Each structure stands twice: as structure tokens, then as C-alpha cells.
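Okay, so here's the structure we're looking at.
The model shown is predicted, which means the values in this text are computed figures rather than measured ones.
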Amino acid sequence: MWCRVAPTSGERRRQGWKLHLSATAASAPAVLAKALDVLLRDASGFKFARSLERVGALNSRATPRGSSGKFLTVYPRSDADAARIAGELHRATAGLTGPRILSDQQYAADSLVHYRYGAFVGLRRLSEDGLLVWYFEDPEGNPVEDRRTGRYTPPAWAVSPFPAPPAAPAPATPRPVVVGGRFSVREAIRHTNKGGVYRGSDVRTGAPVVIKETRPHVEADASGGDVRDWLRAEARTLEKLRGTGLAPEPLALFEHGGHLFLAQEEVPGVPLRTWVAERFRDAGGERYAAEAAEQAGRLVDLVAAAHARGCVLRDFTPGNVMVRPDGELRLIDLELAVLDDDAALPTRVGTPGFSAPERLADAPVSPTADYYSLGATVCFVLTGKVPNLLAEEPADRPAEERLADWLDACAVSVRLPDGARESVLGLMRDDPARRWDPARARRALGGTDADRPPASGAAPAGRGAREATETAVAGIVRHLVDTMTPGDERRLWPVSTTAGETDPCTVQQGAAGVLSVLTRYFELTGDPRLPGLLATAGRWIAARADTRAGRPGLHFGTRGTAWALYDAGRAVGDRTLMDHAVALALAPLEPTPSHDITHGTAGAGLAAVHLWRRTGDPRLAALVTDAADRLAAAARREPAGASWPVPAEAVASEAGKRYLGFAHGTSGIGCFLLAAASVTGRPADRELAVAAGELLVAHAVDVGGAAQWPAQAGDVPTAPYWCHGSAGIGSFLVRLWRATGDDRFGELARRAGRAVVERASRAALTQCHGLAGNGDFLLDLAEATGDPAPRARAEDLARLIVSERSHRGGHVVFPNEYGDVTTGWSDGSAGILAFLLRVRHQEPRHWMDQRPV
């Protein structure tokens, strides 16, 4: 990303006031040339984006607001140097263009120079959430997280060396913000790098309005165009559609404070994306299916009507359609739409998964790209998802063939209405010239298309599905074997950092999660590639896992790492690794107010249970007892059962919340207590686990016969995943049923299984929030009940996962929730592999107590 220039002295401050210069793709060469005239005479280090493509990425609408616009960064040697260099750069770059940097203070009005206080070198530490964060130190040497947000927030103790910016006069009394002379702003709907979207009212009429804002120079191209031009184009489109009922009525286009705004009537209702999630949640699978089929027909009619008026939409997605309270649809966010009399240029800007592939590669404007987007949106409404079909190398399987496989695999949870499968595939064909138009799709959905081939239905999940699963398992293992990099000091396997980066040794996204799954694979297959690999991975982890102190929790803590390390050492007969694992498990833990499985006491205790079963070491049994005692002391007894509210000292913003799920709440804690009772022999531990189960009974929500739960007591039901929902809660309840014989727990577990099956087509693929974790619960249910039906449904989920695989040079990879390829347990290939191995070999579940209850 960066070209870095460092002083030959090698001297560099650890933190201080840093300078940023902004630029656009058009101005960057000139900005750099002017800046170099200043910086090459100085001894301060600096860096700059190394290509115009990278400059464009920094200024895109998708760039986080805390990072946008920072073309060049200077690390001054002192505060005095910072003030001097800022003034010189301001004068040198005067008159050149660049966006406002939202995380910084602008040096002067219209200046490209900005400044903020922050770290100069890469200092990182683990936060309370177990994520690696950048930090600097306060005057007492305490770490302070270096947050990069869309607002200038310097630490109170950092004295600015720069000229004081002019203070904005504060109004004598708070007054509504009025823009454009007539629009009162009430609230922000969202803020992005390109600007905000606000709700308000027209002070002339009192009518509700939506106001869209665009900032100068965002998405700027080489010709100087930017998102303000998009807003002008949207205004023209709305004017063209005025009175048709297809889109909001335009009210005014105006400038305010250097930004461009468009006011339009507010369309009551919710975005289609929200409608899909909420209607499915509230109505259940069967009722939703009928409503979704009607909605699909309305979507086809909506696109046909827009095209009939000479409007090519170019960004037709579930986020850009509003569902009114009466069920009618309206187009919104028409900033990329093109009218038939516009000379519009191609653009790569779009929405992956919904924009046609050629649209994201600068293809000329064509209505056939809208056909693809229509098919993807209909698919989303009917199934809850559009599969993320990652590119393959070599690209031997056409995308439309892979999409057909996925749609067939969706039969586990979705019965598509007549004509829907053919319509989706026809609209989304790879060749734009062969795509169905809306008229043909409407005929097929209505059952009147004489040319429509008969529906094939779902292919049976027989030998072909089993072979595909075996191929996927082999390809995942090859990927994990080939991507291990023991020479890398930071990461043993590649991981995604989109949602944050964890300690490199942990279960969640680190080496322990992958090591554990490969250990199990070796135990099942005896693969000769793995003994040396497991020993190497174990030594890599041991070298970084400090046995003097540890962090609590199973997935983010050191005892989960000890669990994986011990099992790997045991599998390859490495006593040194096993001893290191025990020492790591016995290391004193940092104090924690967290009670849960992932970060807290219950997770540390569950790892101690497993290692005690492996070793019989009484010191580990003592750790189990201590964890159970801590949880008993923290339990909040209430009429419905027992819960563990989040303490204020854990996460202040979460204080008092009573989470119910496995990862962060009652279910995971109850599961540990149930296991602890078998170690301690104390009835009180088992009784507290039962009280946790009673709370879950009290908060269960029936949706069409499926059992769902809110993430926290009092909320609406959440998606049925391991982390917060039915899959994780059911994993505890089925164990509690086996331990107590209480059929209430068993019945809720079965109904939780129905919830995860109904949700299958909508889910991501992974353990934490997806099909792998859901499928593991179904296998638990089958084992506990002896009923073959949950196992059959788990096999269906495995088929659905495998249908979304991508082949890359002998490897098999999968997308995570963000479209990244990653190897981790919670969000990547390791967790998927663990589930697929259980499907094929009927093995015990990872990270659970293996002793039958």
C-alpha cells in the first residue's frame, strides 16, 4: 500500500502529532511533488500511497471514515517540527484539491494538511475483547487505544503545537439544524465516507423528507468527477420518474457548507433487505414462503417499469428498494442510474453479489446488467441469500452451473415456487446476451412460459454429494497444509482481519483452532503429511504461549490454546508439547469480570475439564472447582432461573445485559457447570446448570413451531447461530436433557433444530455464525436422541456448504461472512472442516466436554 521514506539516522519517535495530506487521483502527482520539495529537506520520516489506484481506494465511498483521504503521512521528529512542517506543506500545496480527512483537524480552511495525535510505530496490545489494537501511552505510561474514527478526538493531555482553529460560535439556545433554507434535520440514518443520510421535515409543508449528503472529492476520478456528480445524476433520474410512483419525489438540490445535498420525499416503510430478515423472523418459514413469492413478482414488475421509462438502474439491490406498509415497492438510492438520454460512463462501482460481473469490469451501460441484479435480488428474497461464489483457478465450472448446484442444495430449507429456479438462473446467466428479460421471468413465475424447461427439482443427496464432500475435505486439508508458514513471526496460517485480529495462538482465529482440527484429521486418517506438521505447529505456538500468565476464556484465552497443544502433542507422542500445554493451563490468569465461554471464566473452566479428563491432574480439577465457585458467586437468581448479567467493569456499554447464547451468555455458562458437576461431584453445580436451563425455557419464542431466542433477555429473536441463537442454546439444552431426563429441555432442543434447518439457505458457512456450527448442533441432537432425521438434515447442511466451495489450484476454499478466504476456526476453513469430518466419521464435537452426561 505504501512507499515509506525513513531518515538515515533510523531515529523515530514512538508517538506524537502526525500530519496527513489528502489528495485525489487527479491531484496526487502534484501534491506529492510539492510535498517532496518540503519533506526531502527535512529529516522526518513519511509515507505515501504508492499508486493512483491506491489513492482511489483511500477515497472510495466504502473506505472507513477514520482512514479515508490519508494520501501522505508525516512523522515529525518533535512537536515544533510538526508545526513548522505543517505550515510549509500548507503553503506548498495551496490551491490543490483533496478530501477533508474526518479523523483529523484541518490545519486551515481549504487546506490539504491535517493533523492528529497518535502512534508512530506499530505498538499493539490485546484489548478486553481479545482483539489486537493499536495504542500509544499516556504521560504515566498507561496504554491508550489509538482509535481511528470519523471524528477528531485528541487525548486531553496532548497539547497541540498548531495554530488554534477558529472556534465555531455556539448558539445561545439549541435550535434545529435547517439546510437549504427549508429542511429541518431531525436524525441521521447513516454516515459513510461519501456523506450522511438524514431524516427531517420540510418547514414549509411539514412533510417528512430524506436528505442525502455528498462530500467533495470522494470517489474522485482522473477527470475530477466525484460523488457529487452521482447525486446530480440521481436528481435528474428522480425528476424523470416524477409522478410515476416508482421512486421518491424530488424536492431540492442545494449546497451547504461546501457539500452537495438532495432532499426528497420520505418513503414510509423499510428497505427490502430489512423486510426479508424481519418477515422471516416474525412469520416463520412456511408463511414467509408465500409472501416472498408475491414479492418476487413485484420486483420483476418494478424493474420492467423502470426500463419502460428509459431508466437503467445499475445498482438494483435489496438495499435500494423500499417496501411500503401497503406492500408496494419503491426504488431508492438511484445515484448510479442512467437515463436513455445520458452519456454515462461505465463504472466499477457496484454491489458484489448483486451487480453483474461485467458491470464491475467497466462494461458499457446495458439493461442486461439489471437483469442479473434482478435475478440476484429475487434469489435473495426467496432464499435469504445470494451465494458468494469466489473465483476459481482454473475457472472450469461456469458460475451459472455453480449457482444451480447451490439452489438445488437449498432444498433442505426452501421449496422454491414454480418457475422461480428457472427465472433466477435465466436472469443471472453468465452471457449477458442470453439472460432472460423481466417479461420472460414474469411469465415463468406466473406459470405461463411455454418455453420454460420443466423444473428439475433438487438433485438427490446421494453418492455425488458424498464424493463432493470428500473432495472438499481433501482440498481443505491441502490448503491448510500448504499455507502454514512457520517462518512467519506473526501468523502461522493466513486469517481475515476484517472483523479484528486476535492473538495469533488462540482458538478463535489463531493457530490453536487450525491445529486442533488437523490433529483430529490425523487421528482419523493417519495422513503421513501431518505428524511433522503438527509438531512444527505445536512448537510455533509453544514458543509464543507464555506459561507465566494467561488470558481467560476458551476461544480468546490461553487455556483453549493449551487444549489444542496438549491434544496435538498426545497425537504425535511429543511429551514436551504436552508438558508445555499443562504448564500453560496451570498458569495464573489475568483477573476477568467476564463470565462467558469465549472470553471468561466458563471457557477457562471448560478447558480445564477437558485437560483434567486427559491427565487426571488434581491441579486441573481444582481449577474447575474454582471456576464453578466464581460463577456461582456471580449468578443472579431470579424467578425464571439464573443468569449472569454483564458486569460494568467488563464492557461498560454492555453493563447489566443478560445474554442467553452459548458464546457470551447463559447457555455456555450452563454447559460448563454441567460438565463441572461431573468433576466436582457437587449437586450445587448441577442445580445451577438446571437453573440456567430454566431461564432459557422462560425466554424461548415459538415461531411456526421453531424455537428461537433473543440475543439478550427482552429483545426480539435473533438468527439461530452458535454464537447467540438456537444452535448454541440447543447444544446446551440437549446435554441438559440427557443429564436430567426433563423432556422440556429435549423438546426445546428439537425445536431449536427446526429453527436452524429453516434458516439454512440464509446462513453463512462458518462455525460462529453459520452452517458449520448449526450442523454440529444437529449432529449432537442426532447422537443424543437416536433419531436419524437430524443427522440427515446435518448432511443436507454439509451439501449446502460444499456447493459454495471454490477450487484454487488443488485447494478448496470458502468465503467467510465478509467474502474473505481465511483458515480460522470461528470464521474459516478449520471450523468448516471440523463439521465435515463429523459428518463423515461421526466424531465427538470440538471444544465440548467429551464425557457423556
With a 4.5 Å cut-off on side-chain heavy atoms, are [Y] and [X] touching?
X: Met484; Y: Val514; value: no
X: Leu584; Y: Thr561; value: yes
X: Glu783; Y: Arg845; value: no
X: Arg613; Y: Ser678; value: yes
X: Leu131; Y: Leu126; value: no

Could you check whether [Y] and [X], counting side-chain N and O atoms only, form a donor-acceptor pair closer than 3.5 Å?
X: Ser516; Y: His846; answer: yes
X: Ser726; Y: Arg759; answer: no
X: Thr598; Y: Gln508; answer: no
X: Thr822; Y: Asn816; answer: no
X: Thr680; Y: Asp685; answer: yes

(request) Please say whether more than 12 non-hydrogen atoms of neighbouring residues, nucleotides or ligands are located less than 6.0 Å from CZ in Arg529. (result)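 Yes, CZ of Arg529 has more than 12 neighbouring heavy atoms, counting only those of other groups under 6.0 Å.
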(request) Using the test salt bridge (Lys or Arg N to Asp or Glu O under 4.0 Å), find all partners of Arg630 that sit at least two apart in sequence or belong to another chain. (result)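 Asp626.
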(request) Not counting sequence neighbours, which residues clear side chain to side chain contact (heavy atoms under 4.5 Å, CB included) with Gln842? List them please. (result)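 By the side chain to side chain contact (heavy atoms under 4.5 Å, CB included) rule, Gln842 matches Arg791.
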Starting at [atom1] of [X], measure out to [atom2] of [Y] and round the result to the nearest 0.5 Å.
X: Arg520; Y: Leu515; atom1: CZ; atom2: CG; result: 12.0 Å
X: Asp527; Y: Leu534; atom1: CG; atom2: CG; result: 9.5 Å
X: Leu836; Y: His841; atom1: CG; atom2: NE2; result: 10.0 Å
X: Ser127; Y: Leu132; atom1: OG; atom2: CG; result: 8.0 Å
X: Thr766; Y: Phe814; atom1: OG1; atom2: CZ; result: 11.5 Å

(request) Determine, for Trp540 and Arg544, whether the Lys NZ or Arg CZ falls below 6.0 Å from the six-membered ring centre while staying within 45 degrees of the axis. (result)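 Cation-pi check for Arg544 and Trp540: passes.
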What are the two closest non-hydrogen atoms of [X] and [Y], and how far apart are they?
X: Asp820; Y: Ser496; answer: OD2-OG, 2.8 Å
X: Ser826; Y: Gln509; answer: OG-CG, 4.0 Å
X: Arg637; Y: Ala642; answer: CD-CB, 4.5 Å
X: Gly605; Y: Phe672; answer: C-CE1, 3.3 Å
X: Trp493; Y: Leu533; answer: CZ2-CD2, 4.4 Å
X: Asp776; Y: Arg838; answer: OD1-NH1, 2.8 Å

(request) Give a yes or no on whether a salt bridge exists between Glu145 and Arg125, defined as a side-chain N under 4.0 angstrom from a carboxylate O. (result)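 Looking at Glu145 and Arg125, the cut-off is not met.
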(message) Salt bridge or not between Arg682 and Asp629? Use side-chain N to carboxylate O under 4.0 Å.
(response)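 Yes, Arg682 and Asp629 are salt-bridged.
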(message) Run the salt bridge (charged side-chain N to carboxylate O under 4.0 Å, His left out) test on Glu501 and Arg124 for me, step by step, so that the C-alpha distance in whole Å, both residues' side-chain angles and the decisive distance to 0.1 Å come before the verdict.
(response) CA-CA 11 Å; Glu501 186 176 357; Arg124 296 200 297 176; 2.7 Å; yes
(message) Parallel, tilted or perpendicular, judged at 30° and 60°: which one describes the rings of His769 and Tyr721?
(response)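 The arrangement is tilted - the two ring planes meet at 30° to 60°.
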(request) Please lay out, stage by stage, how Thr506 and Arg551 fare under the test side chain to side chain donor-acceptor pair (under 3.5 Å). (result) CA-CA 10 Å; Thr506 58; Arg551 289 178 64 86; over 6 Å; no
